Amino acid sequence: MSDEARPVPEAVPAGGLPRGLVQRHDGVFLDLALAPAQLRAAVDQLFQSGQLLAGLDYALFLLTLFHAPVPGSPPRGEALLRIAARVAPFPPLRRLLYKQVKIRGDSAEFYFEALPPDADGQVPARREFDELVADLWGKGVRYGLDSAAVRAILDAGKAERITVARVLPPQPGRDAQLVEVSQGIHRDDAPRERPDGRLDLLSFKNRFPQVKKHARLLRLLPAAPGLPGYDLAGNVLPPPAPLELDPAAVAGNGTAVERYSEGDFVVATQDGYVNVDEHGKISIENKIVSRDGVSSRTTGNLKLRAAYEEYGDVQEQRQVDGSDITIHGDVYGHLHSHGGLILLQRNLVGGTAFNEHGDVRIAGVASGSVVQALSGEVHLKRAESCVIAGTRVVIDHASNCEIIADEVVIELAEGCAVAARTIRIGSAGPRRQVEMLLFPLVPDLSALEQRIADSLAKGEQHARMQAKRQQEIDAIAQLPEVRNYLTLAGQLRRGELQLQPAQQVQYDKLAARIAPVLKEVARLRLEVKQSEILQAQMLALVQQLRQSRQATAGQSRCTLGLVDGETTVRAMVVPPGPAKVYDRPPKEIKALLRSATPATQLVFADSSGSLDWTYAPPP
């Protein structure tokens, strides 16, 4: 039932208050079990009966009568809200003090003139706020009284015309609209702005707008209703209805409207690039294929979010940032992929191929370049004077390179510095004046060895405790009274001896004296058992740690099928921690592998032969 449809209270009962108003010794209360319309009717009857609410809390009074929600169900027990101190009469003579009210459209004005003295020369009492509320109510001004302004001028006692009440206009709602939730879905060839506010003249702002599958492009902000207002008479002023919008009207090919907990979205149904037609319909096309190359003239530096295929060359100092990058021409610039595959069909010369979460494959030659795959493999046909790093590196022919990985497999290596947990090289040797250095990465076992030593020490400590407690038990067992008691108890238990009553008394006395000693023996035996268990646990833990130590050490291997020239193999200890050994800047990799005095242990140094070495930690 709506607020206005509820029945109003009956007429004021004789000697009582209208239904909805409750007078108690501590104040006047509104019954919140009634709807606001019923409470307004009750207040109206009260004011029309020549009474007013003294000590009125006007803000609470207004909020309850007009802005409180209609109760859905009667509240349990009494639900009363105190709004005034008492109900008081409003004499006709006092009403004469409030004639200066003028209603002008959306506001009501009152002239607070000085009060003239009466016939006896007495100045009447000042006007009261509670009386003004009751008087205005009777004149149709039931909402929007500016209580602060009125109380201020009443306290000041000045003669002034002020606006005492105003209409509360309705607040319009929000029309439904589509907002972009994808970064930059419009093509923009303007220079890109850097985070510091400067312009990057080498990059276009958004040359190829692109998105990934399932990317949210547009979000429907649904229409939101406005808030109603109130005129001076307390009548509701409804807000205008907001405009609705159907997101399907702008969803083109490659997109769909999907509903999530946050709302309705226009979502990409495939990887691709964004196109918005003249009618505002958005669609997603297949990956972009460029044939003009990457240069300052054609595309500038590229920052992409989807697959990119380029048939031209990538010029020097040009940068391509994206995922699944395929280049059919030569690359002289820098490629940075956040995932997928970097595939170069030709050569990488003086550039960079960096993949955070994927592989790097180069079908041609990599020369004077940096190739890194932090969470993937590197596959090269030929590499010359390169810095190469990855989870696994596979090269047909490498010369004068610095290579670091978890696993390295090379058919022919010349003058390289290679570090990995597992190294497998078909043929290794120097190149001109550059030596061939191999560094099998061995784990730092100091933590495991310390745990083994600590566990052995604890096991020995438990063994000593066990022996000490056993000695104490043996010493107690040799005491005469204890030995006699144990002998008699054994004979009685086996039925070899029968005691006379007098003997039984003596035996019970002996048992009473021995009881504390036997209790101590039981405690010592329990400690002996506990020490045995703890010692066994420590020995089992030592065995597990030694097996783990051996398994960890066995991951470090170096295999050389043929040594063709001076080749040095040194074991290099990997610092403990979760960091990847190959996740380093190129300069650090070169410094680590070409250091003049590396902290290593010699494994092999010869100019011929072969090597099959597995790290075995000292016993």
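Model, not experiment: these values are computed from the prediction.
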Original post:
Judged by atom type as modelled, is there a donor-acceptor pair below 3.5 Å linking the side chain of Asp330 to the main-chain atoms of Asn347?
Top reply: yes
Original post:
Can you check whether Val349's main-chain N or O pairs, donor with acceptor, with Ser367's side chain at less than 3.5 Å?
Top reply: no
Original post:
Under 3.5 Å, side chain of Thr567 to main-chain N/O of Gly565, donor-acceptor pair present?
Top reply: yes
Subject >> Ile410 side chain near Val418 side chain, heavy-atom distance below 4.5 Å >> reply: yes
**OP:** For the pair His338 and Phe354, evaluate ring pair (Phe, Tyr, Trp, His ring centres under 6.0 Å) and give the outcome as yes or no after the intermediate values.
**Re:** CA-CA 9 Å; His338 301 275; Phe354 181 85; 8.8 Å; no
**OP:** To the nearest 0.5 angstrom, please state how far the CG atom of Leu592 sits from the OH atom of Tyr582.
**Re:** 15.0 Å
**OP:** Run the salt-bridge test on Arg421 and Glu407 with the 4.0 Å N-O cut-off and return the result as yes or no.
**Re:** no
Original post:
Taking all atoms of both residues into account, what is the closest heavy-atom pair of Ala405 and Leu441, and its distance?
Top reply: O-CD1, 4.2 Å
**OP:** Enter the distance from Cys416:SG to Leu437:CG here, rounded to the nearest 0.5 Å.
**Re:** 10.0 Å
Subject >> Asp313 side chain to Gln315 backbone, donor-acceptor under 3.5 Å >> reply: no
Original post:
Given the rule in the side chain to side chain donor-acceptor pair (under 3.5 Å) test, do Glu258 and His214 qualify, once you have shown the distances and angles that lead to the verdict?
Top reply: CA-CA 10 Å; Glu258 296 184 6; His214 305 308; 5.3 Å; no
Subject >> Thr255 (side chain) donor-acceptor with Gly252 (main chain) under 3.5 angstrom >> reply: yes
Original post:
Where do Gly254 and Ile284 come nearest, in terms of heavy atoms and distance?
Top reply: O-CG1, 3.5 Å
**OP:** For Tyr230 and Leu237, run side chain to side chain contact (heavy atoms under 4.5 Å, CB included): C-alpha distance rounded to whole Å, both residues' side-chain angles, the deciding distance at 0.1 Å, then the answer.
**Re:** CA-CA 5 Å; Tyr230 290 91; Leu237 301 176; 5.7 Å; no
**OP:** Using modelled atom types only, decide if a donor and an acceptor are shared between the side chain of Asp324 and the backbone of Leu341 within a distance under 3.5 Å.
**Re:** yes
**OP:** Indicate yes or no: does Glu588 engage Lys590 in a salt bridge with an N to O separation below 4.0 Å.
**Re:** no
Original post:
With the threshold set at 4.0 Å, does a side-chain nitrogen-carboxylate oxygen contact exist between Glu414 and Arg432?
Top reply: no
Subject >> Exercise: identify the closest heavy-atom pair between Gln372 and Val360 >> reply: O-CG2, 3.9 Å
**OP:** Indicate yes or no for a side-chain donor-acceptor contact from Asp564 to the backbone of Ala428 under 3.5 Å, with no hydrogens or angles considered.
**Re:** no
Original post:
Can you find a heavy atom in the side chain of Trp613 that is under 4.5 Å from one in the side chain of Val569?
Top reply: no
**OP:** State, yes or no, whether a side-chain contact exists between Pro228 and Pro238 at a heavy-atom distance under 4.5 Å.
**Re:** no
Original post:
So, does Arg318 use its side chain to make a donor-acceptor pair with the main chain of Leu335 at under 3.5 Å?
Top reply: no
Subject >> Rounded distance [0.5 Å steps], CG in Leu374 versus OG1 in Thr391 >> reply: 8.0 Å
Original post:
With distance as the sole criterion, is a donor-acceptor pair present between the side chains of His397 and Glu384 under 3.5 Å?
Top reply: no
**OP:** Evaluate the side-chain proximity of Leu438 to Ile425: yes if any heavy-atom separation is below 4.5 Å, no if none is.
**Re:** yes
Original post:
Within a reach of under 6.0 Å around CG of Asn253, are more than 12 heavy atoms found that belong to other residues, nucleotides or ligands?
Top reply: no
**OP:** May I have the step-by-step check of side chain to side chain contact (heavy atoms under 4.5 Å, CB included) for Ile362 and Val371, ending in yes or no?
**Re:** CA-CA 10 Å; Ile362 301 177; Val371 182; 4.1 Å; yes
Original post:
Is there a side chain to side chain contact (heavy atoms under 4.5 Å, CB included) between Ile395 and Val378 once you walk through the steps?
Top reply: CA-CA 8 Å; Ile395 307 174; Val378 175; 5.8 Å; no
Subject >> Heavy-atom closest pair, residues Ala419 and Val408 >> reply: O-CG2, 4.4 Å
**OP:** Taking Asp175 for its side chain and Leu243 for its backbone only, find out whether a donor-acceptor pair lies under 3.5 Å.
**Re:** yes
Original post:
What distance do Ile404 atom CD1 and Leu593 atom CG have between them, rounded to the nearest 0.5 Å?
Top reply: 5.5 Å
**OP:** With Arg216 as the cation and Phe265 as the aromatic partner, state whether NZ or CZ is under 6.0 Å from the six-membered ring centre and within 45° of the axis.
**Re:** yes
Original post:
Is there side-chain contact between Glu356 and His336, with at least one heavy-atom pair below 4.5 Å?
Top reply: yes
Original post:
Tell me, do Arg219 and Leu178 make a side-chain contact under 4.5 Å, heavy atoms counted?
Top reply: no
Original post:
Could you state the interatomic distance from CZ (Arg570) to CG (Leu602), rounded to the nearest 0.5 Å?
Top reply: 5.0 Å
Original post:
Step by step, would you call Phe604 with Val563 a side chain to side chain contact (heavy atoms under 4.5 Å, CB included)?
Top reply: CA-CA 11 Å; Phe604 176 88; Val563 176; 3.9 Å; yes
**OP:** Apply the test side chain to side chain donor-acceptor pair (under 3.5 Å) to residues Glu309 and His328: give CA-CA distance (whole Å), side-chain angles for both, the deciding distance (0.1 Å), then the verdict.
**Re:** CA-CA 8 Å; Glu309 187 171 6; His328 294 274; 2.8 Å; yes
Original post:
Any donor and acceptor pair, going by atom type alone, linking the side chain of Arg361 with main-chain N or O of Gln345 inside 3.5 Å?
Top reply: no
**OP:** Could you go through the side chain to side chain donor-acceptor pair (under 3.5 Å) check for Thr422 and Arg557 one step at a time?
**Re:** CA-CA 5 Å; Thr422 302; Arg557 298 190 60 187; over 6 Å; no
Original post:
For the residue pair Gly415 and Val434, what are the closest heavy atoms and their distance?
Top reply: O-CG1, 3.2 Å
Subject >> Shortest non-hydrogen contact from Cys558 toward Pro440 >> reply: CB-CG, 3.7 Å
Subject >> Rounded distance [0.5 Å steps], CD1 in Ile388 versus CD1 in Ile403 >> reply: 4.5 Å
